[in-house]
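Only heavy atoms go into these numbers, but all of them, side chains included; no hydrogens, no water, no symmetry mates. When a residue number appears, it is its place in the shown sequence, counting from 1. Just follow the structure's listing: the first ligand is 1, and inside any ligand the first atom is 1.
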Amino acid sequence: MYRIKQFLWAIFAKLTDEDKKFIDFYLNDNEKVLFNKLKESEKVHSVKVAREVLQKSLEKDLYDISLVKAALLHDIGKIDSGLNVINKSVITILNKISPGILKKLYRIKPVYSYYNHPEIAITYLDNCDDYIKFLIKNHHNYEIDDKKLKILQEVDCKH
Ligand SMILES: [Fe+2]
Ligand SMILES: [Fe+2]
């Protein structure tokens, strides 16, 4: 049921004016160009994650503008990935039931991007500071002990 909801939400989601203001506030022009290449559903996901990351970081006294920027940009490795709402749902489900089969499809671009979008993102981020790159590169690496990274991961997994 949750997956179905998430799927429908991904098709119909749209950025609000408030979301656009939020993006304008946190991203510079180059970063906005990148952000705008994301699919609408990914933009909405990223803003949701960033707003909640902001809130949690304030609660924990860990506010850092780099963390909010990273939250907005964390999935930009999915730009030009060939991932869409439908194949992403299939890949996510396959990853749950049979990661082995999915690994065999590794050479197919959407599958490759699904696994490697954190590294791919770094190739787009030449001018960003190193901590933003660190957060984005490791947003699916759950072995690292970094409090701000943990906030990003926790919120990202929820959405
Ligand atoms: Fe991701
Ligand atoms: Fe994400």
NZ of Lys69 to CG of Leu125: how many Å apart, nearest 0.5 Å?
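Rounded to the nearest 0.5 Å, the NZ-CG separation comes to 10.5 Å.
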
Roughly how far, to the nearest 0.5 Å, is the CG atom of Asp75 from the NZ atom of Lys39?
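Lys39 atom NZ to Asp75 atom CG measures 12.0 Å (nearest 0.5 Å).
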
Centroid separation His117 to His74 less than 6.0 Å
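They do not qualify: ring centres at least 6.0 Å apart.
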
Is the distance from the ring center of Phe25 to that of Phe22 below 6.0 Å?
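Not close enough - the centres of the two rings lie 6.0 Å or further apart.
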
For the Fe ion (ligand 1), find the closest N/O/S atom on [X] and give its atom name.
X      : answer
His117 : NE2
His139 : NE2
Asp75  : OD1

Backbone or side chain, does His74 get an N/O/S atom under 2.8 Å to the Fe ion (ligand 1)?
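No.
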
Of all the N, O or S atoms in Asp156, which has the shortest distance to the Fe ion (ligand 2)?
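Atom name returned: OD1.
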
From the Fe ion (ligand 2) out to just under 2.8 Å, does an N/O/S atom of His45 turn up?
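It does: His45 brings an N, O or S atom closer than 2.8 Å to the Fe ion (ligand 2).
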
Is Glu42 close enough to the Fe ion (ligand 2) that one of its N, O or S atoms comes in under 2.8 Å?
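No - counting backbone and side chain alike, Glu42 has no N, O or S atom under 2.8 Å.
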
Could you check whether Lys32 pairs with Asp24 (Lys NZ or Arg NE/NH1/NH2 to Asp/Glu carboxylate O, under 4.0 Å)?
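Yes.
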
According to the interplanar angle, ranging from 0 to 90°, do the rings of Tyr106 and Tyr115 count as parallel (below 30°), tilted (30 to 60°) or perpendicular (above 60°)?
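Tilted: the ring planes of Tyr106 and Tyr115 meet at 30° to 60°.
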
